[in-house]
Amino acid sequence: MGEISNGISKKEMKIPEIKFTKLFINGSFLDSYSGKTFETIDPRNGEVIAKISEGNKEDVDLAVKAARQAFDHGKWPRMSGYERGRIMMKFADLIEQHKEELAALDSIDAGKLFAAGVHGDIPHSLNLLRYYAGAADKIHGETLKLAGEYQGYTLKEPIGVVGHIIPWNFPTTMFFLKVSPALAAGCTMIVKPAEQTPLSALFYAHLAKEAGIPDGVLNVVNGFGHTAGAAISSHMDVDAVSFTGSTEVGRLIMEAAAKSNLKSVSLELGGKSPLIIFDDADLDMAVSLASLAIFYNKGEICVAGSRVFVQEKIYDAFVKKAAENAKNWVVGDPFDPRVQQGPQVDKQQFEKVLSYIEHGKREGATLLTGGKPCCGKGYYIEPTIFTDVKEEMMIAKDEIFGPVMSLMKFKTIEEAIEKANATKYGLAAGIVTKDLNIANKVSRSVRAGSIWINCYFAFDADAPFGGYKLSGFGRDLGLNALDKYLQVKSVVTPLYNSPW
Ligand code: NAD
């Protein structure tokens with residue numbers, strides 16, 4: 001394995017200064033009500049990066065009050081969509097000016113590749129912001145065709161105060177996936193970043209203010225899930241919660257919504273996505289796709305292609321090439337441009353992945369390659385491939401959220417479809433084949449929200465994204481996402497003289 005763990009100077013690493021560590025409420029950075037802080041840790045070495053104000057119920061109350069005031073009496077929901085879009089465009093321009101600094105914050109906080117941040121996460125997030133900025137003045141109701149002498153139309157109104165609770169694996173993309181359509185719709189909001197990755201969201205809040213987003217519209221309350229997160233999902237004055245995270249916490253959020261004010265809930269949850277490779281596939285392409293699908297972002301991706309099904313004729317050749325590829329996959333410091341995989345986000349995640357690897361070995365799967373920590377004192381794990389994986393094994397069923405591929409063989413299309421669907425999740429699936437009929441058949445038969453044919457991670461601002469089954473409900477991305485942040489109101493009036 002081409003390991004790189006040191007030898008890069010701090011200057012080359014572009015370690016950013018940490019400028020924002022407090023909560024952002026009503027346009028100002030504030031200490032938390034309790035005065036408490038928590039540490040955010042650099043997964044490259046386990047060292048403390050900064051102490052961050054720890055939001056709790058009182059801080060969520062304050063942020064919701066600010067968001068409520070901004071919604072009920074402020075300019076943002078009342079200004080024209082065009083004007084909101086113009087301010088969002090300015091927000092995007094400001095982010096672009098700071099993109100290296102922002103990408104570096106996510107690299108030290110989450111262990112994400114710096115190059116992927118600069119060329120992937122941040123441009124993708126800018127696309128989202130600009131896409132929804134463009135949609136802000138195109139949110140229309142409909143003219144209704146009513147029976148009798150009435151005319152009617154619908155109005156689409158912002159839903160109100162929204163709570164966005166997000167995970168740590170894509171701190172920047174998750175922030176804009178949620179915030180962009182909600183801003184376009186005219187909502188006000190509280191964002192609760194994951195406790196592992198609090199840094200970039202605070203910088204975005206600062207830039208939002210600089211762009212002209214009024215105070216109280218976008219608040220950021222860092223803190224833990226069972227305190228700050230739970231305070232949002234059970235709050236009586238939050239109108240909607242948009243959550244991305246684990247299925248387990250998704251259930252808690254629905255429960256809290258049901259027990260409080262029946263706020264609207266949308267959930268983007270876990271996955272165990274299949275990648276199905278047919279005999280006619282180009283082998284090199286299939287191996288590259290499969291490696292990227294599981295090792296990119298160290299496997300910390302809800303749509304990671306963690307179950308790879310390979311048709312029997314090319315299975316042996318695929319296994320050989322995939323092993324070579326994994327051995328050459330470069331793990332190390334995320335600031336090094338040669339590196340393809342950084343450290344897992346934290347110690348807990350690192351240990352969880354290693355324990356799944358141990359389970360796989362105990363359950364009788366064959367460890368083809370990897371399986372060990374590497375690269376010094378950070379939370380680095382070798383790209384790992386198991387063969388002889390059986391459907392009932394934990395490594396084939398559970399979401400590992402790490403660089404661990406489970407390889408399985410199949411004979412027929414029907415068998416591939418059945419195996420692909422044999423999971424409680426339904427977030428995404430990949431198909432590799434040159435045969436259009438196979439691609440069409442499989443894409444219609446697999447129960448998942450995104451299907452990628454001869455590609456993977458083909459996200460786009462215009463392509464709706466979300467889950468079937470225990471992967472959740474509701475859609476991010478695309479114009480559909482606006483619906484999560486809008487209410488539909490019917491307005492009816494007599495066409496001629498009122499009969500009343
Ligand atoms: P998590 O569910 O533990 O945490 C996600 C967020 O929820 C964090 O901000 C956390 O603080 C908060 N939270 C935790 N407990 C809470 C509670 N009781 N009430 C309210 N909020 C609470 O998930 P994670 O470990 O941060 O992320 C990994 C999981 O997220 C994986 O299962 C992964 O598949 C999923 N994920 C899904 C998507 C998607 O788009 N479907 C994207 C990324 C991650």
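From a predicted model like this one, the values you see are computed outputs, not experimental measurements. Sequence positions, counted from 1, serve as the residue numbers for this chain. Side-chain atoms are counted along with the backbone in the values below, which use heavy atoms only and exclude waters and symmetry mates. Ligands are counted one by one from 1 in listed order, and the atoms in each one are counted from 1 as well.
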Does [X] reach ligand 1, in the sense of a heavy atom lying below 4.0 Å from it?
X: Q349; answer: no
X: P193; answer: yes
X: F170; answer: no

Point-to-point distance, once rounded to the nearest 0.5 Å, from CZ of R251 to CG of L269: 9.0 Å
Hey, are [X] and [Y] close enough for a salt bridge, meaning a charged N less than 4.0 Å from a carboxylate O?
X: D61; Y: K65; result: no
X: K112; Y: D121; result: yes
X: K192; Y: E195; result: yes
X: K298; Y: E300; result: yes
X: E399; Y: K424; result: no
X: E255; Y: K259; result: yes

Against heavy atoms of [X], which atoms of ligand 1 measure under 4.0 Å?
X: P167; result: 26 (O), 27 (O), 43 (C), 44 (C)
X: L427; result: 41 (N)
X: E195; result: 10 (C), 11 (O)
X: E268; result: 37 (C), 39 (C), 40 (O), 41 (N)
X: L252; result: 18 (N)
X: G229; result: 19 (N), 20 (C), 21 (N)
X: N169; result: 43 (C), 44 (C)
X: K192; result: 8 (C), 9 (O), 10 (C), 11 (O)

Closer than 4.0 Å: a protein non-hydrogen atom to atom 34 (O) of ligand 1: yes
Any N or O of [X] closer than 3.5 Å to N or O of ligand 1:
X: S233; result: no
X: F401; result: no
X: L269; result: yes
X: E399; result: yes
X: S246; result: yes

Top protein contact for atom 6 (C) of ligand 1, by heavy-atom distance: I166 O, 3.6 Å
Atom 12 (C) of ligand 1 [closest protein heavy-atom partner, distance rounded to 0.1 Å]: I165 CG2, 3.6 Å
Verdict with supporting geometry, D476 and E268, side-chain contact (heavy atoms from CB on, under 4.5 Å): CA-CA 8 Å; D476 282 324; E268 303 279 1; 3.1 Å; yes
From the candidates Y425, W168, F243, F465, the one that places a heavy atom nearest atom 24 (P) of ligand 1: W168
Proximity winner for atom 19 (N) of ligand 1, if only heavy atoms of A231, G223, G225 are counted: G225
Mutual orientation of the aromatic rings belonging to H359 and Y356 [parallel < 30°, tilted 30-60°, perpendicular > 60°]: tilted
Please find out if less than 6.0 Å separates the ring center of [X] from that of [Y].
X: H98; Y: Y204; value: no
X: Y131; Y: F176; value: no
X: W168; Y: F401; value: yes

Ligand 1-proximal atoms of T244, by part, heavy-atom distance under 4.0 Å: both
Proximity of M174 to ligand 1 by residue part, where a heavy atom lies under 4.0 Å: side chain
More than 12 heavy atoms from other groups under 6.0 Å of NZ on K347: no
